Colleague: 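Could you have a look at this structure, given as structure tokens, before my questions?
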Amino acid sequence: MRTYRNKIAVALLSCATYVSPSLAQVEGEHYDAIAKHRVAAIQETETAAQRDARMAWWRDARFGMFIHWGLYSIPAGTWDGKKIPFIGEWIMNSASIPVADYKALAPQFNPTAFSAHDIVALAKSAGMKYIVITSKHHDGFAMFDSKADPFNIVAATPFHRDPIRELAEECKKQGIKLGFYYSQDQDWTAPGGAAYNTGKHDLPTNHWDSKQDGDFANYLRTKAIPQLKELLTNYGDFPVVIWFDTPTADMTPELAGEVVALLNQHPKLIWNNRLGGGYKGDTETPEQYIPAKGYPGRDWEACMTMNDTWGYKSYDTNFKSTETLLRNLIDIASKGGNYLLNIGPDSKGNVPPAEIERLHEVGKWLAVNGEAVYGTQPTLFGDEAGSFSTTEKDDQGKPKFIPAWNWRSTTTAHSIYIELFTWPTGSFHIDKLPRTVTGAYLLADKSKKPLKITKSGDGVDIALPGQALDPIASVLVLKTK
Ligand code: JFZ
């Protein structure tokens with residue numbers, strides 16, 4: 001049998017479609033059974049207009065900050081002197097760290113350099129419109145003040161502060177939205193919490209410490225649901241998003257229904273497709289890849305790292321270029337999705353400088369060209385994104401999508417934006433234009449100097465200056481009627 005580690009590695013390295021095997025299993029086994037007797041989520045009962053109103057801010061936002069931060073930032077990828085492969089926040093699982101040893105990290109956690117002000121300001125300067133932070137990851141450590149469980153940052157560390165509260169206050173002050181990631185199913189330090197077996201434990205269960213054994217329903221009812229209640233009620237205007245993760249077969253439709261009953265009490269909340277129990281949630285969540293055509297008819301958000309880990313790893317310096325990050329943002333926007341781009345603060349609360357630098361650069365571009373991203377609709381064309389290979393297959397055996405990087409397009413009611421990665425010589429030509437163009441200019445040109453438009457068949461030619469205005473992406477605006 002293929003191990004989870006292989007699946008995870010494949011998902012991360014070659015951008016396979018992420019389908020949780022266990023979720024598929026849940027759907028297969030229980031889908032019929034849940035059809036009749038199950039708690040209906042708000043998404044299933046609201047009208048299309050109600051849904052549009054609920055999703056409006058999120059659809060306009062297009063760009064958010066993911067923050068993976070927790071105790072795993074202390075080992076930062078190294079345990080017992082050994083570099084532990086795989087993503088940093090998984091170190092407890094990957095190195096089979098006993099519960100007591102992992103919990104012993106808490107008294108060492110004192111991230112005095114953490115500044116909610118600076119992180120929110122960083123997100124804003126990057127042009128991000130919302131933040132989603134790990135309130136509790138798979139390690140079970142709550143990054144907030146929890147009365148429901150003492151393994152948390154206020155009760156179990158010398159820091160004694162609640163960064164979630166500080167972020168909520170700063171987000172309100174600085175006018176940006178805040179959501180909480182919560183690992184509702186995997187919890188490696190709570191009895192009964194689930195654990196993926198990533199292939200290294202030669203054990204009858206997925207647990208590697210008897211302290212993890214217990215009843216999942218009991219874990220869910222005594223820890224996860226009470227903590228979700230705390231998160232949903234203690235932080236004022238927030239959260240606007242709950243970001244669930246890694247559902248397993250433990251999350252039956254009945255148990256997921258208990259979570260949904262709570263979520264339904266917060267009718268403006270947006271939550272993703274990773275709860276489990278057959279619930280589809282509001283958003284598709286492609287991880288570390290951009291789907292070829294987006295998800296027509298579904299809201300979606302691609303979450304990605306800048307290097308190869310979510311949680312801080314001291315030696316992961318494999319950072320993507322600003323060019324790649326910007327192209328990803330534009331590619332995603334042109335397909336109607338959001339980009340949730342991760343930072344991984346270290347154990348002192350500092351954001352790695354390489355991440356800050358890239359975010360500032362992306363923000364600089366958006367400050368000039370944001371009109372082509374925020375609140376836009378997908379491309380009216382489509383072929384510019386690339387094409388399916390007739391010879392190469394992806395790892396599901398389907399024709400491989402080969403992206404092209406000459407240009408992308410986004411739209412609003414009266415504009416077509418063409419984001420040019422490759423600067424054409426002389427003019428930009430488009431074959432079939434479904435609207436009539438009444439004017440054209442470059443978004444980075446403050447004078448909006450009109451560009452010469454020549455009709456050619458069903459398309460147009462737009463005369464361009466000799467040089468691109470931006471080395472990564474220059475935006476051509478077509479005003480249309
Ligand atoms: C999940 C988390 O496990 C990860 O730590 C991070 O929070 C990310 C945003 O979400 O990533 C996964 C989940 C499942 C698989 C791979 C990565 N999988 O089953 O292959």
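This structure is a prediction, so every number in the text was calculated from the model and none was measured. Counting starts at 1 for both ligands and their atoms, in listed order.
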Colleague: Would you kindly say whether Asp185 and Tyr219 are connected by a side-chain donor-acceptor distance under 3.5 Å?
Modeller: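 Distance-only check fails for Asp185 and Tyr219.
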
Colleague: Need the ligand 1 atom indices (1-based, order shown) with element for anything under 4.0 Å from a heavy-atom of His68.
Modeller: 6 (C), 7 (O), 9 (C)

Colleague: Give me the one residue out of Phe159, Tyr72, Tyr102, Trp69 that meets ring pair (Phe, Tyr, Trp, His ring centres under 6.0 Å) with Phe109.
Modeller: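 Testing each of Phe159, Tyr72, Tyr102, Trp69 against Phe109, the sole residue satisfying ring pair (Phe, Tyr, Trp, His ring centres under 6.0 Å) is Trp69.
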
Colleague: Return yes when His137 approaches ligand 1 closer than 4.0 angstrom through a heavy atom, no otherwise.
Modeller: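 So His137 counts as touching ligand 1.
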
Colleague: Give the numbers and elements of all ligand 1 atoms closer than 4.0 Å to a heavy atom of Thr246.
Modeller: 3 (O), 13 (C), 14 (C)

Colleague: Sequence neighbours left out, what pairs pass side-chain hydrogen bond (donor to acceptor under 3.5 Å, both in side chains) with at least one residue falling in residues 142-154?
Modeller: Asp145-Lys147, Ser146-Gln227, Ser146-Glu230

Colleague: Is it the case that ligand 1 has an N or O less than 3.5 angstrom from some N or O of His138?
Modeller: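 N/O-N/O distance below 3.5 Å exists for this pair.
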
Colleague: Within a distance under 4.0 Å of any heavy atom of Glu89, pick out the atoms of ligand 1 and give their elements.
Modeller: 4 (C), 5 (O), 6 (C)

Colleague: I'd like to check which ligand 1 atoms, numbered from 1 as shown, lie under 4.0 Å from a non-hydrogen atom of Tyr181.
Modeller: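 That gives atoms 7 (O) of ligand 1.
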
Colleague: Given the ring of Trp58, does Arg54 sit roughly above its face, with NZ or CZ under 6.0 Å from the centre of the six-membered ring and within 45° of the axis?
Modeller: no

Colleague: What are the atoms of ligand 1, with element, lying closer than 4.0 Å to any heavy atom of Trp90?
Modeller: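 Under 4.0 Å from Trp90, ligand 1 has these atoms: 2 (C), 3 (O), 4 (C), 5 (O).
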
Colleague: Are Trp310 and Phe66 an aromatic pair, judged by ring center distance below 6.0 Å?
Modeller: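 Yes, close enough.
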
Colleague: Can you name the atoms of ligand 1, numbered from 1 with element, that are less than 4.0 Å from a heavy atom of Tyr196?
Modeller: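 That gives atoms 19 (O) of ligand 1.
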
Colleague: Within the 3.5 Å criterion, strictly below it, is a donor on Thr246 or Gln186 matched to an acceptor on the partner's side chain?
Modeller: yes

Colleague: Any chance NZ of Lys229 has more than 12 other-residue heavy atoms, nucleotides or ligands included, within less than 6.0 Å?
Modeller: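 No, NZ of Lys229 has 12 or fewer neighbouring heavy atoms, counting only those of other groups under 6.0 Å.
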
Colleague: Of the backbone atoms (N, CA, C, O) and the side-chain heavy atoms from C-beta on, which set of Asp245 has a member under 4.0 Å from an atom of ligand 1: side chain, backbone, both, or neither?
Modeller: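 Answer for Asp245: side chain.
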
Colleague: Which ligand 1 atoms does Phe66 reach within 4.0 Å, using its non-hydrogen atoms?
Modeller: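 So the atoms of ligand 1 that pass are 9 (C).
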
Colleague: Does one side chain, of Glu419 or Thr410, offer a donor that lies under 3.5 Å from an acceptor on the other?
Modeller: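 Yes, a side-chain donor-acceptor pair sits under 3.5 Å.
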
Colleague: What are the atoms of ligand 1, with element, lying closer than 4.0 Å to any heavy atom of Arg274?
Modeller: 1 (C), 10 (O)

